[in-house]
J.: 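Below is a structure I'd like to ask you about.
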Amino acid sequence: MAWLWTGKIWFLYLFIGCGTFVHFRGRVRHRFTRQLLDHSTIMGPYNCFVYATSQVENRPLIDRAAFPELDLLRDNWQVFRDEALNLFNEGYIRKAASDNDLAFHSFFQTGWKRFYLKWYSEAQPSARALCPRSVALVEQVPGVNAAMFALLPAGAALGKHRDPFAGSLRYHLGLVTPNDPRCAIYVDGEQHVWHDGQDVVFDETFIHWAENRTDQDRIILFCDVERPLRYRFATWINRGFKRAVVSATSTENVAGDRVGVLNRIFDVVYKVRARAKQLKRRQRGLYYLLKWLLIGGLLYLVFIR
């Protein structure tokens, strides 16, 4: 039983402790079996460090007044709206052309679509060419890590989920909305109804979901904004993590845009996963047996052997 106190096993205890904290953070929770393998559990140790050093209150909807720099975006919402409508009419707001959008791959199944202005790096060349005024506005706010136009079609819904990275907060600005309470986002059970020209900041690492039960598509400006941290060293670590890891999930609007290394890997892995789903449909019992044997084997190799 000496392995229970080895150095490696303490990393497992760290993941268990942080995963448990993440699971019970907020009022709305996933089933235990989903939370166990959720990306928020994998990111638990890093996110708990961010929570511990955050200047922001531990609440789902954040006081918008704490981010006065975002006034520039809200005050120019019509600029964003006009360029977003042009992109939509020309067919540029769309799902990924390949399986190379790790961050939002599951959303495409509901009809959700996007056009990236930037994603944790410089603006995409296609964005500079097709919506230059929007890119120029976003680049005037240094705290904006990522920005896109996001479309939720009429009748669609996004299921309950957590975003994996706590180093940013989420910003939504209504551009073309039904202005109707049937089109809203719920963050840990708290509702925000999208309206044209109105905005909100929220913590996307709480469980949230969205629905558009109207007959009108919804388009918003969707941004990730740097989370303010109390200490310089914490800010330095968070910015380094963004540059090294999160920026590797960038992907293309059109051929020729940058695709990060993690999305290039995901494009290959997803094709393997598709084969696994075929096995699950044909032999469900065998699929779960192999899945848990693989997970158990990895845990043994990493933490015990």
Side-chain angles (χ1 to χ4, degrees), residues 15 37-47 50 87 90-131 134-135 138-139 144-151 158-159 161-168 170 204-205 222-226 237-280 287 290-291 294-295 297-299 301-302:
F15 274 95
L37 299 176
D38 191 69
H39 46 222
S40 62
T41 299
I42 297 170
M43 288 288 294
Y46 182 83
N47 286 346
V50 172
L87 290 169
E90 294 173 10
Y92 285 108
I93 300 180
R94 57 196 180 197
K95 69 177 185 178
S98 183
D99 297 313
N100 62 0
D101 195 337
L102 170 63
F104 300 101
H105 187 272
S106 62
F107 287 8
F108 298 132
Q109 299 173 21
T110 71
W112 185 89
K113 300 177 176 67
R114 84 293 184 265
F115 182 91
Y116 287 99
L117 304 181
K118 62 179 292 189
W119 188 256
Y120 290 86
S121 60
E122 297 297 320
Q124 288 286 25
S126 60
R128 290 193 185 279
L130 295 168
C131 46
S134 295
V135 170
V138 165
E139 290 184 329
V144 175
N145 294 323
M148 70 173 77
F149 296 126
L151 182 146
L158 300 177
H161 62 283
R162 302 181 196 271
D163 284 30
F165 178 57
S168 292
R170 184 64 42 79
E204 73 273 33
T205 60
F222 172 122
C223 298
D224 278 3
V225 179
E226 184 174 60
I237 290 172
N238 193 44
R239 289 177 178 174
F241 188 89
K242 288 187 296 186
R243 287 192 299 268
V245 179
V246 187
S247 64
T249 61
S250 64
T251 193
E252 60 189 0
N253 296 314
V254 300
D257 282 342
R258 290 182 306 276
V259 179
V261 63
L262 288 181
N263 270 326
R264 292 198 296 269
I265 293 171
F266 179 71
D267 198 10
V268 176
V269 169
Y270 190 80
K271 290 176 173 57
V272 176
R273 186 167 177 259
R275 294 290 183 90
K277 286 185 174 182
Q278 292 176 4
L279 175 63
K280 182 179 179 180
Y287 166 83
L290 293 174
K291 176 180 177 178
L294 177 61
I295 293 169
L298 289 173
L299 291 174
L301 291 174
V302 173

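Any value given below was found using the heavy atoms of this structure, including those in side chains, with hydrogens, waters and symmetry copies removed. Everything quoted here is computed from the prediction, not taken from an experiment.
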J.: Just do the side chain to side chain contact (heavy atoms under 4.5 Å, CB included) check on Tyr92 and Cys131 with the steps written out, would you?
T.: CA-CA 11 Å; Tyr92 285 108; Cys131 46; over 6 Å; no
J.: What pair of heavy atoms forms the shortest contact from Thr249 to Leu102, and how long is it?
T.: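 Closest pair (atom of Thr249, atom of Leu102, distance): CG2-CD2, 4.1 Å.
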J.: Between Asn238 and Tyr46, does the side chain to side chain contact (heavy atoms under 4.5 Å, CB included) criterion hold? Intermediate values first, please.
T.: CA-CA 9 Å; Asn238 193 44; Tyr46 182 83; 2.6 Å; yes
J.: Does Arg114 form a side chain to side chain contact (heavy atoms under 4.5 Å, CB included) with Thr251? I'd like the steps, not just the answer.
T.: CA-CA 11 Å; Arg114 84 293 184 265; Thr251 193; 3.6 Å; yes
J.: Sequence neighbours excluded, which residues qualify as side-chain contact (heavy atoms from CB on, under 4.5 Å) partners of Ala166?
T.: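 Ala166 satisfies side-chain contact (heavy atoms from CB on, under 4.5 Å) with Asn47, Val50, Tyr51, Thr205, Arg227 once adjacent residues are dropped.
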J.: Work out which heavy atom in Glu122 is nearest to a heavy atom in Arg128; give both atom names and the distance.
T.: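 Residues Glu122 and Arg128, closest heavy atoms: OE1-NH2, 3.7 Å.
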J.: What closest approach, in Å, do Ser247 and Tyr120 show between heavy atoms, and which atom pair accounts for it?
T.: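 Answer, listing the atom of Ser247 first, then Tyr120: CB-O, 3.1 Å.
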J.: Tell me whether the rings of Trp119 and Phe104 are parallel (<30°), tilted (30 to 60°) or perpendicular (>60°).
T.: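 It falls in the perpendicular class, over 60°.
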J.: Taking the basic N atoms (NZ, or NE/NH1/NH2) and the acidic carboxylate oxygens, is any pair closer than 4.0 Å for Glu139 and Lys118?
T.: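 Answer for the salt bridge query: no.
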J.: With a 6.0 Å cut-off on ring centres, are Phe241 and Phe165 close enough?
T.: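 Yes, ring centres under 6.0 Å apart.
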J.: Among residues at least two apart in sequence or on other chains, which ones pass salt bridge (Lys or Arg N to Asp or Glu O under 4.0 Å) with Asp38?
T.: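 In terms of salt bridge (Lys or Arg N to Asp or Glu O under 4.0 Å), with neighbours along the sequence ignored, Asp38 is linked to no residue.
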J.: Please step through side chain to side chain contact (heavy atoms under 4.5 Å, CB included) for the pair Arg258 and Asn263, ending with a clear verdict.
T.: CA-CA 10 Å; Arg258 290 182 306 276; Asn263 270 326; over 6 Å; no
J.: With sequence neighbours left out, what residues match Ser126 under side chain to side chain donor-acceptor pair (under 3.5 Å)?
T.: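 Side chain to side chain donor-acceptor pair (under 3.5 Å) check on Ser126 returns Asn253, Asp257.
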J.: Does Glu204 use its side chain to pair, donor to acceptor, with the backbone of Asp163 at less than 3.5 Å?
T.: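 Here the side-chain-to-backbone pair does not exist.
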J.: Got Arg170 and Asp224 here, is their nearest side-chain heavy-atom distance under 4.5 Å?
T.: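 The answer is yes; the side chains approach within 4.5 Å.
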J.: Is the shortest heavy-atom distance from the side chain of Met148 to the side chain of Ile93 under 4.5 Å?
T.: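 No, every pair of side-chain atoms sits at 4.5 Å or beyond.
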J.: For His105 and Phe108, take the angle between the two ring planes, folded into 0 to 90°, and tell me which bin it lands in: parallel under 30, tilted 30 to 60, perpendicular over 60.
T.: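 It falls in the perpendicular class, over 60°.
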J.: Taking all heavy atoms of Phe107 and all of His161, pick out the closest pair and write down the distance.
T.: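 Closest approach of Phe107 to His161: CZ-NE2, 3.3 Å.
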